[in-house]
Amino acid sequence: MKNKVALITGITGQDGSYLAELLLEKGYIVHGIKRRSSLFNTDRIDHLYQDPHDPDQRLKLHYGDLTDSMNLTRIIQEAQPDEIYNLGAMSHVAVSFDTPEYVGNVDGLGTLRILEAVRILGLEKKTRIYQASTSELYGGMPENKNERGFYDESSPFYPRSPYGVAKIYGFWITKNYREAYDMFACNGILFNHESPRRGETFVTRKITRAVAKIALGLQEKVYLGNLEAKRDWGHAKDYVRMMWMILQAEKPEDWVIATGVTTTVRDFVRMAFEVVGIQLEFKGEGVDEKAYVKACSNKDYQVEIGKEVLSIDPSYFRPTEVDLLIGDPTKAKEQLGWVPEHDLRDLVQDMMEGDVQLMKKDVDLLKAGHEILKQAE
Ligand code: NAP
Ligand code: F7E
């Protein structure tokens, strides 16, 4: 049987890397678009791309950018994909306030460029399209939750950042092309999902990296912004499985993917420290809130009792914040049979294990450096 062909924009990102793994396991030929950068940017997919000269290599990378229509059209023409997953985006909400025009171009118009290229090439009936929509569309407006207290497929949108506003264009243009041209184009409205491959400046990964470093004596404390914010955090591995399921559904539709549980940033911090046996005590309020070590039960990670390990830096506050997100994945569970394999505790454990291993390499390097210096003396 002929291999199915997929094209992933954003293949070098967290989700793109897990999705590429999944699709290769399923026997797909996977084309990915990577940006040119002055440093290597393929760390997350290098393990999938051992020998680029092997003609049987099923992962094929193309240089490209979502701001370049001609480039996108050429790649789609060459690949003739059965499925396109449009995951490429400037995905950082806080940064979108600094680069609003760029975000509009990439996250909003970029989606249009993909849809229009498929149409121009006459592939509307062949190519199914997944658009990476987001819970940021809801903006956390409390009055827009359903009667059970969740955001679902029928909740109104009220984006609260240039990122959310750009993604709302992506959402509606996808829906419009589905209706106007009868294309199999779907939105996955995904709530936050994390993993050991999460970008280092998103709050979960910033926390797990900092906690690992603090436990190993490599960092004194971490500075965060709004600890009250609540997010519905799932594991990226469970969410990329849903992206594929959405494109295998009978009809093109929009789907909410979430866990249905919401947690504060403060509690995520607590859980991450608990993985390394450290209990915290939070004291103070607002910008004066701090966290101190209350108990330390793991002999491998001895941090002094009473040590201050967290402070607030107001520069991380956003001009407009999304206070609380919680999603209702009932439709995806009932109609597509989605069963997530990870809960928040597993997720924190997985991320902490990844970062402790990573930071231990730094400790080993430091020790090796000291050894060499000692021998040279
Ligand atoms: P990510 O780790 O930030 O990855 C984004 C990817 O997009 C990277 O491969 C990046 O390339 C690429 N990219 C950025 N600008 C581009 C451009 N101008 N042209 C082409 N590619 C570009 O994001 P993620 O967490 O994997 O998220 C995947 C998608 O889902 C994004 O669209 C995001 O907005 C959306 N989403 C994410 C979440 C979440 O919680 N993770 C939730 C809902 C929706 P570089 O590697 O070169 O930077
Ligand atoms: O922030 C608060 C911050 O940057 C989460 C993206 O994948 O999910 C992600 O967007 C919360 C916010 O993710 C810090 O104010 C506190 O309330 O990890 P984040 P996000 O903004 O929710 C959605 C669904 C996407 O679609 C996006 O692409 O944590 N927070 N202190 C902090 N956030 C950061 N980054 N850094 C802090 O120091």
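Ligands are counted one by one from 1 in listed order, and the atoms in each one are counted from 1 as well. Bear in mind the structure is a predicted one, so any value in this text is a computation, not a measurement.
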Determine, for Y63 and R36, whether the Lys NZ or Arg CZ falls below 6.0 Å from the six-membered ring centre while staying within 45 degrees of the axis. no
Using a strict threshold of under 4.0 Å (side-chain N to carboxylate O), is an ion pair present between D254 and R178? yes
Hydrophobic cluster membership, with links at side-chain heavy-atom distances under 4.5 Å among I/L/V/M/F/W/Y: are F202 and Y18 in one? no
Going by the angle between their ring planes, with limits at 30° and 60°, are Y239 and H193 parallel, tilted or perpendicular? parallel
Can R266 and E228 be counted as an ion pair, charged N to O under 4.0 angstrom? yes
Hey, does F171 have a side-chain heavy atom less than 4.5 Å from the side chain of T134? no
Taking any residue with a non-hydrogen atom under 4.0 angstrom from an atom of ligand 1, which ones do you get? G10, T12, G13, Q14, D15, R35, N41, D65, L66, L87, G88, A89, S91, Y102, V106, A132, S133, T134, Y163, K167, L190, F191, N192, H193, R198
Is D355 salt-bridged to K213, going by a charged N under 4.0 Å from an acidic O? no
Show every salt bridge (charged side-chain N to carboxylate O under 4.0 Å, His left out) that has at least one partner inside residues 53-74, sequence neighbours left out. R74-E78
Protein residues near ligand 2, heavy-atom distance below 4.0 Å? S91, H92, V93, T134, S135, E136, Y163, N192, R198, T201, F202, V203, K206, L224, G225, N226, A229, R231, V265, Y316, R318, E321
Pairs satisfying side-chain hydrogen bond (donor to acceptor under 3.5 Å, both in side chains), at least one member in residues 342-353, at least two apart: H235-D350, Q349-E353
